[in-house]
2 protein chains.
Amino acid sequence: MEHSTKPFTSPNFRPLYLQVKDIILQRLAKNEFKPGDLLPSEPRQAEMLGVSQGTIKKALDELVGQNLLVRHQGKGTYVATHTVDRALFHFLRLTNDNGHRLLPDSRVVSLSKNRSTIQERDKLCLDKGGQVIRITRIRMLDSDPVIHECLSLPANRFSGLENHAPAELPNTLYRYYESLFHLAVINATEKLKAVVADENDAKHLGIECGRPLLEIDRVAIGYENIPLEWRVSRCNTAHYHYLTDLE
Amino acid sequence: MEHSTKPFTSPNFRPLYLQVKDIILQRLAKNEFKPGDLLPSEPRQAEMLGVSQGTIKKALDELVGQNLLVRHQGKGTYVATHTVDRALFHFLRLTNDNGHRLLPDSRVVSLSKNRSTIQERDKLCLDKGGQVIRITRIRMLDSDPVIHECLSLPANRFSGLENHAPAELPNTLYRYYESLFHLAVINATEKLKAVVADENDAKHLGIECGRPLLEIDRVAIGYENIPLEWRVSRCNTAHYHYLTDLE
DNA sequence: GAGTGGTCTAGACCACAGC
DNA sequence: CTGTGGTCTAGACCACTCG
C-alpha cells in the first residue's frame with residue numbers, strides 16, 4: 001500500500017486501517033468479493049497491501065462489527081450472507097408475545113412493474129420517470145395473517161424480477177436479491193407509527209377496519225449507501241410486538 | 001494480574017482482556033468509578049494489573065463500544081454520563097416527521113409509592129411484597145402533548161424519591177438516577193405495539209378515544225443486569241415516528 | 001514539556017479446522 | 001501437519017490537551 005508517505009502530517013490523512021477497510025469495502029461493492037466468499041488470509045492481505053497483520057486485523061474487526069464479514073477461527077474470514085439466522089435476528093424484529101421469534105410465511109398477492117410515484121422516487125433516490133417493481137404480500141406467523149406488506153424495488157437494478165412467478169418468490173427476499181441480482185442489503189432504516197387498518201388491511205388480515213396496526217416503513221440499503229428496497233409493513237400487533245434493544 | 005497461570009490450557013479460561021474488562025465492570029457496578037470520573041491512564045492500568053497496554057486498550061475498546069466509557073485523546077478515559085446528547089441519540093427514538101429529534105418537555109401528573117402489581121414484580125424482578133414508586137407524566141414535543149407515560153421504579157433502590165416535589169423531577173430522568181441514587185442506566189429493551197387511546201390517554205393527549213397510539217414498553221437495565229425502571233409510553237404518532245436502524 | 005490516547009509494527013504462542 | 005484466526009507483548013512514533 002502507498003503509505004501516502006508522511007502518513008500523519010498529510011492534510012487528508014486517514015489511518016492505514018481505515019484505508020484498508022475502504023479498499024475491502026470497494027471490492028465488496030464491486031462484487032469482487034461475493035457473499036459467502038472466503039477472503040485472503042490475514043497474513044496474505046498484509047503482504048499484498050504492505051502493512052502489518054495487526055492493521056489488517058483492525059480493518060477486518062470493524063467490518064465484522066458491521067456484520068459485513070464473518071470470521072471462523074481455523075478456517076478464515078468470509079463475506080456475510082443473509083442466512084435465516086441473520087434475517088431472524090437482524091431484520092425481523094417482530095416477536096411473539098411469549099418471546100419467540102418466528103420466521104413468517106409469505107403469500108404474494110401481486111407483482112408488477114409500474115411508473116414510480118414521487119414518494120418512491122424519494123425513498124429510492126430515483127430519477128423522474130424511473131420505474132419500480134411492486135410486490136404486495138401477506139405474511140403469516142403461526143399461520144395467522146399478521147403483516148400486510150407493500151414493497152417497491154428500483155426496476156433498473158432488479159430487471160426481470162417482474163416476470164418471475166409470484167409463487168416463486170422466496171420468504172426471505174434479501175438472500176434472493178443477493179443470489180439473483182448481486183445486491184446485498186447491509187443496512188436498513190425503519191420508521192414506526194401506529195395507524196388504523198383500512199378496508200384492504202382488514203380484508204387481508206382478517207380483522208375489522210379501524211383496528212390499530214403497527215406500520216413499519218423500511219428502506220433497505222446496499223453498499224455505497226444505495227437504497228435497494230422500500231417496504232411498508234402493516235402489522236397486527238395484537239399478539240406480537242416489535243422488539244429492540246437500545247445500546 | 002494473576003494470569004490464572006496456564007492461561008490457555010485451563011478449563012475455564014478467559015482471555016486476559018476480558019478479565020480486565022470484568023474487573024473494570026465490577027468497579028463500575030460498585031461505584032468505585034462513578035459517571036464522569038476519569039479512569040487511570042492506560043499505562044497506569046497496565047502496570048497496576050501487570051498486563052501490556054495493548055490488552056488494556058482492547059478491554060477499554062469494548063467498554064467504549066458498549067457506551068460505558070468515553071475516550072478523549074490527550075485527556076483520558078472517562079465513565080460515560082447521561083448527557084442530553086446521549087438521551088437524544090440513544091434513548092429517545094421519537095422523531096419529528098421532518099427528521100428532527102427533539103427533547104420533550106415533561107409535566108408530572110402523579111408521583112406515589114405503592115404496593116407492586118404482579119406485572120411490576122415481573123418486569124423489575126421484585127419479591128412479592130416489594131414496593132414501587134410510580135410516576136405518571138405527559139411529555140410534549142413542540143409544546144404539543146404527545147406521550148402519556150407511566151413509570152415504575154423499585155422503591156428499595158430509589159428510596160425517598162416519592163417525597164420529592166413532582167415539579168422537581170427533571171426532564172431527563174436517567175441523569176437524575178445517576179446523581180441522586182448512583183444508579184446508571186446502561187441498557188434498555190423496548191417492545192412496541194400499536195394500541196388504541198383510552199379515555200385517560202385521550203384526555204391527556206388532547207385526542208379522541210380510539211385513536212391509534214404507539215405503545216413503547218421499556219425496561220431499563222443497570223450494571224449487573226439489574227432492572228431499574230419499567231416505563232410504558234403511549235405516543236401519538238400522528239406527526240412523529242419511532243426511528244431505528246437495523247445494523 | 002509531560003502526559004494522554006491513537007496508530008502501527010514485528011514477533012511470539014495458542015486454539016481451532018481440515019487434510 | 002499446515003494454515004487459519006485469537007491473544008498478548010514491547011516498543012515506536014504521532015496527535016491532542018493542558019499547564
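A, B, ... follow the sequence lines: proteins, then strands. Residue 1 opens every chain. In this text the structure is predicted, and so the values were computed from the model without any measurement.
- Contacts of B:Lys58 with the nucleic acid, taken as non-hydrogen atoms under 4.0 Å apart, involve only primed sugar atoms and P, OP1 or OP2.
- For the pair A:Tyr17 and C:dT7, the criterion of a side-chain N or O lying under 4.0 Å from OP1 or OP2 is met.
- For C:dT7, neither phosphate oxygen OP1 nor OP2 lies less than 4.0 angstrom from any side-chain nitrogen or oxygen of A:Thr55.
- With hydrogens and angles left out, the side-chain atoms of B:Asp22 and B:Tyr17 include no donor and acceptor closer than 3.5 Å.
- Put simply, CD on A:Gln53 is 11 Å from P on C:dA10, counting in whole angstrom units.
- Between B:Leu39 atom CG and C:dG3 atom P the separation is 19 Å, expressed in whole Å.
- Rounded to a whole Å, the NE2 atom of A:His72 is 14 Å from the C1' atom of C:dG18.
- Proximity of A:Lys75 to the phosphate of C:dG18: a side-chain N or O atom is located under 4.0 Å from OP1 or OP2.
- When distances run from any side-chain atom of A:Lys57 to the nucleotides D:dG5, C:dG5, C:dT9, the shortest one goes to D:dG5.
- A straight line from CG of A:Leu38 to P of C:dA17 spans 15 Å, rounded to a whole angstrom.
- If A:Pro15 and A:Gly74 are placed on DNA chain C by their nearest nucleotide, the residue sitting closer to the 5' end is A:Pro15.
- Of the candidate nucleotides D:dG5, C:dC8, D:dT9, D:dT9 has the atom nearest to the side chain of B:Leu16.
- Between A:Tyr78 atom OH and C:dA17 atom P the separation is 11 Å, expressed in whole Å.
- Between B:Arg71 and C:dT4 there is no side-chain polar atom (N or O) within less than 4.0 angstrom of OP1 or OP2.
- Between A:Ser41 and D:dG3 there is no side-chain N or O to OP1 or OP2 distance below 4.0 Å.
- Proximity of the aromatic rings of A:Phe91 and A:His82 is defined here by a centroid distance below 6.0 angstrom, and this criterion is met.
- The pair B:Glu42-B:Arg71 meets the salt-bridge criterion, since a charged nitrogen lies less than 4.0 angstrom from a carboxylate oxygen.
- Atom CD of B:Gln73 and atom P of C:dG5 are 10 Å apart (whole Å).
- Summarising the geometry, the separation between CD1 on A:Ile56 and C1' on C:dT7 is reported as 14 Å, rounded to the nearest angstrom.
- Regarding B:Gln45, its CD atom lies at a distance of 15 Å from the C1' atom of C:dG3, rounded to whole Å.
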B:Ile221 and B:Ile226: CA distance, side-chain angles, deciding distance, side-chain contact (heavy atoms from CB on, under 4.5 Å) verdict: CA-CA 5 Å; B:Ile221 308 287; B:Ile226 294 173; 6.0 Å; no
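- In this model, the phosphate group of C:dC8 is not approached by any side-chain N or O of A:Ser52 to a distance below 4.0 Å at OP1 or OP2.
- Here B:Thr55 contributes atom OG1 and B:Gln19 contributes atom CD; the two are 10.5 Å apart, rounded to the nearest 0.5 Å.
- Of the side-chain N and O atoms in B:Thr77, none sit less than 4.0 angstrom from OP1 or OP2 of C:dT4.
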